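Have a look at the structure below before the remarks.
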Amino acid sequence: MNAPFGLKADTLALPQPYLLFLGDTVERGFAKTALGLRDWAPEKCVGELALPGAAVSTGLPPMTPAQAYAAGARALVIGVANAGGVIPQSWRASLVEALEAGLDIVAGMHTRLADIPELSQAAALLGRRLIDIRVPPADIPVATGRKRSGKRLLTVGTDCALGKKYTALALARAFAERGVPSDFRATGQTGIMIAGGGMPMDAVVSDFEAGAAELLSPDAAAEHWDVIEGQGSLAHPAYAAVSLGLLHGSQPDVFVVCHEPGRTDMLGTAGYQVATIEEIIDLTLALGRRTNPNIRCGGVSFNTSALDEADAEEVIRRESERLGLPIADPVRGGPAFDALVDSCLA
């Protein structure tokens with residue numbers, strides 16, 4: 001999947017293949033960049049580098065920077081999206097080692113690579129590149145709210161890091177396989193690395209969030225679908241702002257709610273429970289009608305990675321009957337996912 005769904009692969013001209021850096025991450029949800037690249041761009045990944053104490057793995061071969069370079073890697077990608085997007089001191093020696101081994105560094109953190117003295121000095125001395133993905137374009141306009149031509153689908157979530165990107169990628173691929181003109185529109189660092197372009201929504205100044213979403217998904221042919229990667233959750237105490245701006249600016253005709261059965265607490269925010277599917281449907285309809293009065297829910301995407309096949313099938317069947325909506329795990333696929341696609345395109 002070098003250039004999925006019509007986006008140009010050379011938009012960012014990133015050095016490839018990648019060594020995926022996991023740092024000392026212990027929370028799987030924070031390693032979503034590495035895991036997303038493994039799943040959706042495996043041909044671009046040669047191995048992983050984890051520090052002592054890390055409890056997450058992509059399953060790729062462990063490598064030192066020198067070993068990765070010898071295996072063909074040309075960049076180390078920081079595969080972690082931690083709270084605040086910071087690059088802690090404990091990572092920096094390994095990042096310098098990667099530069100010394102001949103690798104450029106690609107990151108989607110809020111902290112800019114060039115703002116870290118030891119990295120900027122080493123890169124300048126060695127002639128290496130420090131590439132930040134999470135940098136929005138200049139001169140983003142304020143949103144107009146004008147209804148644009150074409151059709152749009154937005155993935156929304158009951159929490160962060162539970163499958164909005166995977167769902168959008170899977171739906172865009174399914175649309176394309178059915179001959180439906182479609183583009184995957186990336187809004188986060190991992191999606192941008194996979195697609196080769198997009199809009200880093202959580203790095204946009206809040207007044208321009210909706211305008212950035214309008215830029216991301218411009219006028220299109222009447223039969224064309226933009227499948228837009230969601231961000232955060234409208235119910236999240238920290239990240240609801242980016243979710244709302246993305247909702248208003250993307251003006252979705254259809255939205256799919258993403259949820260992980262069994263998750264009880266919101267990621268990175270102690271004391272807050274995950275919103276219910278019904279709450280997110282109601283919030284999305286109420287707020288989304290501001291810019292698209294005809295918005296509707298196409299169904300629900302479940303992340304059942306923590307369940308075996310039988311339990312996954314049972315929870316999908318039970319919740320689909322309870323909600324009266326098609327529910328599927330897009331990674332598992334099958335007839336349930338086909339029904340979700342049918343509902344979105346109906």
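We use all heavy atoms of the structure for the numbers below, so side chains are in, but hydrogens, waters and symmetry mates are not. Fair warning: this is a prediction, and the values are worked out from it, not measured in the lab.
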TODO: For Thr64 and Gln67, indicate whether the former's side chain and the latter's backbone hold a donor-acceptor pair under 3.5 Å.
DONE: yes
TODO: Indicate the atoms forming the closest heavy-atom contact of Pro17 with Val46, along with that distance.
DONE: CB-CG1, 3.6 Å
Open item on the list: Restricting to salt bridge (Lys or Arg N to Asp or Glu O under 4.0 Å), what partner residues turn up for Arg318, sequence neighbours left out?
Closed with: Glu314
Task: Reference residue Asp226; test side chain to side chain donor-acceptor pair (under 3.5 Å); the match among Arg185, Arg148, Lys151, Arg152 - done: Arg185
Open item on the list: Could you tell me if Gln231 and Thr187 have a donor-acceptor pair between their side chains, going purely by distance under 3.5 Å?
Closed with: yes
Open item on the list: Run the salt bridge (Lys or Arg N to Asp or Glu O under 4.0 Å) test against Asp282 and tell me which residues pass, sequence neighbours left out.
Closed with: none
Task: Smallest separation among heavy atoms of Gly53 and Val26, with atom names - done: O-CG1, 3.4 Å
Task: Contacts of Ala138 that satisfy side-chain contact (heavy atoms from CB on, under 4.5 Å) - sequence neighbours left out - done: none
Open item on the list: On a heavy-atom basis, which atom in Ala73 and which in Leu19 lie closest, and how many Å separate them?
Closed with: CB-N, 4.2 Å
TODO: List the atom of Lys147, the atom of Asp253, and the distance in Å for their closest heavy-atom pair.
DONE: NZ-OD1, 3.9 Å
TODO: May I ask you to test the Ile105-Leu99 pair for a side-chain heavy-atom distance under 4.5 Å?
DONE: yes
- [ ] Evaluate the side-chain proximity of Glu118 to Gln89: yes if any heavy-atom separation is below 4.5 Å, no if none is.
- [x] yes
Enumerate, atom names and distances included, each donor-acceptor pair closer than 3.5 Å involving a side-chain atom of residues 339-346, sequence neighbours excluded.
from	atom 1	to	atom 2	distance (Å)
Asp342	OD1	Arg178	NH1	2.5
Asp342	OD1	Arg178	NH2	3.1
Ser343	OG	Gly298	O	2.6

Task: Within residues 295-344 or reaching into it, pairs that qualify as ring-ring contact (aromatic ring centres under 6.0 Å, His included) - sequence neighbours excluded - done: His259-Phe302
TODO: Determine whether Leu246 and Val156 fall in the same hydrophobic cluster, where Ile, Leu, Val, Met, Phe, Trp and Tyr are linked whenever their side-chain heavy atoms lie under 4.5 Å apart.
DONE: yes
Open item on the list: Please enumerate all residues that pass salt bridge (Lys or Arg N to Asp or Glu O under 4.0 Å) together with Asp39, with sequence neighbours excluded.
Closed with: none
Open item on the list: Working note: Ile295 + Leu154, criterion side-chain contact (heavy atoms from CB on, under 4.5 Å); need CA distance, chi angles, decisive distance, verdict.
Closed with: CA-CA 10 Å; Ile295 186 174; Leu154 175 68; over 6 Å; no
- [ ] Check whether any side-chain heavy atom of Ser94 lies under 4.5 Å from a side-chain heavy atom of Leu51, and answer yes or no.
- [x] yes
- [ ] Measure the shortest side-chain to side-chain distance between Glu48 and Pro61 over non-hydrogen atoms and say whether it is less than 4.5 angstrom.
- [x] no
Open item on the list: Is the shortest side-chain heavy-atom distance between Phe208 and Val142 below 4.5 Å?
Closed with: yes
Open item on the list: By the definition side chain to side chain contact (heavy atoms under 4.5 Å, CB included), identify the one residue from Val77, Thr33, Leu76 that meets it with Val106.
Closed with: Val77
Open item on the list: Could you measure the distance from the NZ atom of Lys32 to the CG atom of Asn82? Nearest 0.5 Å is fine.
Closed with: 10.5 Å
TODO: State the OH-CG distance between Tyr18 and Leu60, to the nearest 0.5 angstrom.
DONE: 13.5 Å
Task: Any Arg92 side-chain heavy atom under 4.5 Å of Ile116 side chain - done: yes
Task: Residue pair Trp225, Leu171: steps toward the side-chain contact (heavy atoms from CB on, under 4.5 Å) verdict - done: CA-CA 10 Å; Trp225 282 85; Leu171 286 170; over 6 Å; no
- [ ] Ignoring hydrogens and angles, tell me if any N or O in the side chain of Thr144 forms a donor-acceptor pair with the backbone of Arg146 under 3.5 Å.
- [x] yes
Open item on the list: Taking the basic N atoms (NZ, or NE/NH1/NH2) and the acidic carboxylate oxygens, is any pair closer than 4.0 Å for Arg317 and Glu313?
Closed with: no
- [ ] Give a yes or no on whether the backbone of Leu126 and the side-chain of Arg128 come within a donor-acceptor separation of less than 3.5 Å.
- [x] yes
- [ ] Sequence neighbours left out, what pairs pass salt bridge (charged side-chain N to carboxylate O under 4.0 Å, His left out) with at least one residue falling in residues 328-339?
- [x] Asp329-Arg332
Open item on the list: If we count only N and O atoms by modelled type, under 3.5 Å, do the side chains of Thr276 and Glu279 hold a donor and an acceptor together?
Closed with: yes
- [ ] Establish whether Met199 and Leu244 are linked, either directly or via other cluster members, by ILVMFWY side-chain heavy-atom contacts under 4.5 Å.
- [x] yes
Task: Nearest heavy atoms of Ala176 and Ser182, plus distance in Å - done: N-OG, 3.8 Å
Open item on the list: With a 4.5 Å cut-off on side-chain heavy atoms, are Ser217 and Ser250 touching?
Closed with: no
Open item on the list: Taking side-chain contact (heavy atoms from CB on, under 4.5 Å) as the definition, give me every residue that meets it alongside Ala107, ordered by chain and number, with sequence neighbours left out.
Closed with: Ile78, Met109, Leu113, Asp132
Open item on the list: Could you measure the distance from the CG atom of Leu20 to the CZ atom of Arg38? Nearest 0.5 Å is fine.
Closed with: 9.5 Å
Open item on the list: Looking at Thr167, is its backbone amide N or carbonyl O close enough to the side chain of Thr155 to form a donor-acceptor pair, meaning the two atoms are under 3.5 Å apart?
Closed with: no
TODO: Look at the side chain of Ser301 and the backbone N and O of Cys258, then say whether any donor-acceptor pair between them is shorter than 3.5 Å.
DONE: no
Open item on the list: Under the rule for side-chain contact (heavy atoms from CB on, under 4.5 Å), what residues qualify as partners of Gln121, not counting sequence neighbours?
Closed with: Pro117
Task: With Arg263 via side-chain contact (heavy atoms from CB on, under 4.5 Å) - residues at least two apart - done: Asp159, Leu162, Glu260, Leu267, Val274
TODO: Decide yes or no on side-chain contact (heavy atoms from CB on, under 4.5 Å) for Cys297 and Thr284, but give the supporting numbers first.
DONE: CA-CA 9 Å; Cys297 179; Thr284 305; over 6 Å; no
TODO: Identify, with sequence neighbours excluded, every residue that meets ring-ring contact (aromatic ring centres under 6.0 Å, His included) alongside Phe21.
DONE: Trp91
Open item on the list: Within a 6.0 Å radius of atom CD on Glu309, are there more than 12 heavy atoms belonging to other residues, nucleotides or ligands?
Closed with: no
TODO: Would you confirm whether Asp219, through its side chain, and Ser149, through its main-chain N or O, come within 3.5 Å as a donor-acceptor pair?
DONE: yes
Task: Reported CG-to-CG distance for the pair Asp308 and Asp311, which is rounded to 0.5 angstrom - done: 4.0 Å
TODO: Taking ring-ring contact (aromatic ring centres under 6.0 Å, His included) as the test, write out the residues that go with Tyr239, two or more places apart.
DONE: His236
Open item on the list: Between Arg322 and Glu278 (salt bridge meaning N to carboxylate O under 4.0 Å), is one present in this structure?
Closed with: yes
Open item on the list: Between Val256 and Val300, does the side-chain contact (heavy atoms from CB on, under 4.5 Å) criterion hold? Intermediate values first, please.
Closed with: CA-CA 5 Å; Val256 173; Val300 180; 5.7 Å; no
TODO: Supply the atom-to-atom distance Leu22 CG to Ser57 OG, rounded to the nearest 0.5 angstrom.
DONE: 6.5 Å
TODO: Starting at CG of Leu169, measure out to CD of Glu229 and round the result to the nearest 0.5 Å.
DONE: 7.0 Å
Task: Heavy-atom pair of closest approach, residues Ser320 and Pro326 - done: OG-CA, 4.1 Å
- [ ] May I ask you to test the Arg173-Glu177 pair for a side-chain heavy-atom distance under 4.5 Å?
- [x] yes
